[in-house]
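No experiment lies behind these values; they were computed from the predicted model shown.
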Amino acid sequence: MLVSSNLSLPPWLQALLSEKFFNACVIHEGARKNEKNIFCLDCCVSICPHCLSPHGSHRLLQIRRYVYNDVLRLDDAQKLFDSAFVQSYTTNSAKVIFLNQRPLPRPGSIRGNICSRCDRGLQCPYLFCSISCKVDYILRTEGVGGLSSFLYDCKFLPLSEPASDDGLMAPVSLIAKTSSSSGGYGDGGVPCRTLACTAATTETVRKKRSSLSNSCRTMFPRDTEISANLMNRRKKAPNRAPLY
């Protein structure tokens with residue numbers, strides 16, 4: 001967390017940038033998928049999918065994991081922040097941005113464009129590697145007054161996807177290898193509709209093969225019987241020539 005003065009931030013933004021996500025929920029310790037990957041802007045707290053009931057009418061933000069760091073979908077982030085010039089990454093066919101600065105690579109390995117706050121390597125024309133770095137830069141260069149043009153007044157923010165989503169996102173390089181899974185978002189299970197279609201297809205193929213086999217027996221009964229007799233015929237005792 002790089003923000004130079006947390007007291008200058010709105011409570012929800014301060015909590016969002018300092019919260020630790022994807023820890024197990026203490027309230028639902030024994031439940032499946034109990035990681036805290038949802039942030040409630042109205043309560044300034046992270047919650048798990050099982051905690052949603054009391055927050056049904058609140059503004060909720062889905063937090064995701066990408067290369068072991070907390071990210072937001074760019075579409076969700078743009079409802080709250082001015083995300084211009086923040087480096088975005090494409091994963092699972094969606095663009096994401098990092099909440100906080102990531103650990104810097106080893107010295108001497110950075111070339112070209114860098115983050116205006118933490119000197120991390122970026123693609124052109126981006127200026128910031130994360131929301132946190134942009135917030136910190138605005139506070140240092142423009143003061144608290146600069147935040148008014150950075151933050152958006154969002155009154156309604158529902159979850160963009162079902163709460164059962166565990167928020168895991170696979171890098172693009174892994175998507176081709178795991179295209180049969182559920183996208184890095186879920187538990188890797190196959191949807192019921194896919195199973196039903198597969199079962200129906202298998203049953204159809206089995207019936208067609210059975211029908212084709214019966215048709216062949218009807219059209220060529222003699223050949224079928226001959227083949228069966230040849231397969232089942234036992235070897236008889238040899239006949240010896242008479243002795244004279």
Side-chain angles (χ1 to χ4, degrees), residues 1-22 36-41 44 46 59-154 157 159-160 167-175 184-185:
M1 179 60 184
L2 295 174
V3 177
S4 54
S5 178
N6 287 344
L7 298 178
S8 303
L9 300 179
W12 67 267
L13 181 57
Q14 177 183 343
L16 176 64
L17 296 179
S18 59
E19 185 70 28
K20 299 296 183 182
F21 296 99
F22 291 93
K36 297 190 292 182
N37 60 353
I38 302 171
F39 182 76
C40 179
L41 277 74
C44 299
S46 60
R59 294 172 297 169
L60 301 173
L61 188 63
Q62 179 82 53
I63 310 299
R64 306 172 189 278
R65 293 285 281 180
Y66 175 66
V67 291
Y68 307 104
N69 289 270
D70 299 335
V71 298
L72 300 176
R73 277 199 175 188
L74 183 60
D75 291 341
D76 295 336
Q78 288 176 335
K79 300 174 184 177
L80 301 169
F81 324 102
D82 177 6
S83 303
F85 299 108
V86 178
Q87 171 83 62
S88 63
Y89 301 84
T90 301
T91 174
N92 292 3
S93 302
K95 288 188 175 182
V96 299
I97 57 177
F98 287 90
L99 269 178
N100 292 295
Q101 174 196 353
R102 291 178 291 162
L104 291 175
R106 63 182 183 275
S109 62
I110 302 176
R111 298 179 181 179
N113 193 36
I114 60 174
C115 176
S116 299
R117 182 64 191 93
C118 70
D119 296 336
R120 184 178 183 85
L122 300 175
Q123 299 175 3
C124 292
Y126 297 108
L127 301 178
F128 308 99
C129 70
S130 63
I131 289 293
S132 175
C133 283
K134 183 170 183 178
V135 170
D136 191 77
Y137 181 84
I138 292 174
L139 288 177
R140 289 177 179 271
T141 57
E142 303 181 26
V144 179
L147 287 176
S148 59
S149 60
F150 169 74
L151 300 177
Y152 298 145
D153 186 15
C154 180
L157 187 64
L159 289 178
S160 57
L168 301 179
M169 307 190 79
V172 175
S173 59
L174 297 180
I175 294 177
Y185 283 107

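- The aromatic ring centroids of Y152 and F81 lie 6.0 Å or more from each other.
- N100 places a side-chain N or O within 3.5 Å of a backbone atom of L17 that can act as its donor or acceptor partner.
- Listed for the R64 side chain is no donor-acceptor partner under 3.5 Å among the backbone atoms of R73.
- L72 places a side-chain heavy atom less than 4.5 Å from the side chain of I63.
- Separation of atoms CG (L41) and CG (L80) is listed at 5.5 Å; rounding is to 0.5 Å.
- Looking at Q101, its side chain never comes within 3.5 Å of a backbone N or O of C118 through a donor-acceptor pair.
- When atom types are taken as modelled, the side chain of T90 and the backbone of K95 share no donor-acceptor pair closer than 3.5 angstrom.
- Closest of all the heavy-atom pairs between S46 and F39 is N-CD1, 4.2 Å.
- Between Y89 and F98, the angle of the ring planes goes over 60°, which puts this pair in the perpendicular group of the 30/60° scheme.
- With salt bridges taken as basic N to acidic carboxylate O contacts below 4.0 Å, one links R65 and D70.
- Taking every heavy atom of both residues into account, C115 and C129 meet most closely at SG-N, 3.5 Å.
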Could you go step by step and tell me if I38 and L159 meet the side chain to side chain contact (heavy atoms under 4.5 Å, CB included) rule? CA-CA 9 Å; I38 302 171; L159 289 178; 4.0 Å; yes

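- No donor-acceptor pair closer than 3.5 Å links the side chain of N37 to the backbone N or O of Q62.
- Between the side chain of R120 and the main chain of S130, no donor-acceptor pair closer than 3.5 Å is present.
- In terms of heavy-atom proximity, Y126 sits nearest to N113 at O-ND2, 2.6 Å.
- In this structure, C154 SG and Q78 CD are separated by 12.5 Å, a value rounded to the nearest 0.5 Å.
- Considering every non-hydrogen atom in both L104 and D119, the closest pair reads CD2-C, 4.4 Å.
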Test log, rule side chain to side chain contact (heavy atoms under 4.5 Å, CB included), inputs L61 and L157: CA-CA 7 Å; L61 188 63; L157 187 64; 4.0 Å; yes

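- Taking both residues in full, the closest heavy atoms of S148 and G145 are given as OG-O, 2.8 Å, listed atom of the first, atom of the second, then distance.
- Expressed to the nearest 0.5 Å, how far CD1 of I97 lies from OG of S132 amounts to 11.5 Å.
- Side-chain N or O atoms of K134 include none that pairs as donor or acceptor with a backbone N or O of R117 at under 3.5 Å.
- The heavy-atom pair separating P125 from F85 by the smallest distance is O-CD2, 3.5 Å.
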Applying side chain to side chain contact (heavy atoms under 4.5 Å, CB included) to L9 and V135, what does each step give before you reach the verdict? CA-CA 9 Å; L9 300 179; V135 170; 3.6 Å; yes

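- The shortest distance between side-chain heavy atoms of L16 and F21 falls below 4.5 Å.
- Distance check: S18 OG to L99 CG gives 10.5 Å after rounding to the nearest 0.5 Å.
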Derivation of the side chain to side chain contact (heavy atoms under 4.5 Å, CB included) call for L74 and V96: CA-CA 5 Å; L74 183 60; V96 299; over 6 Å; no

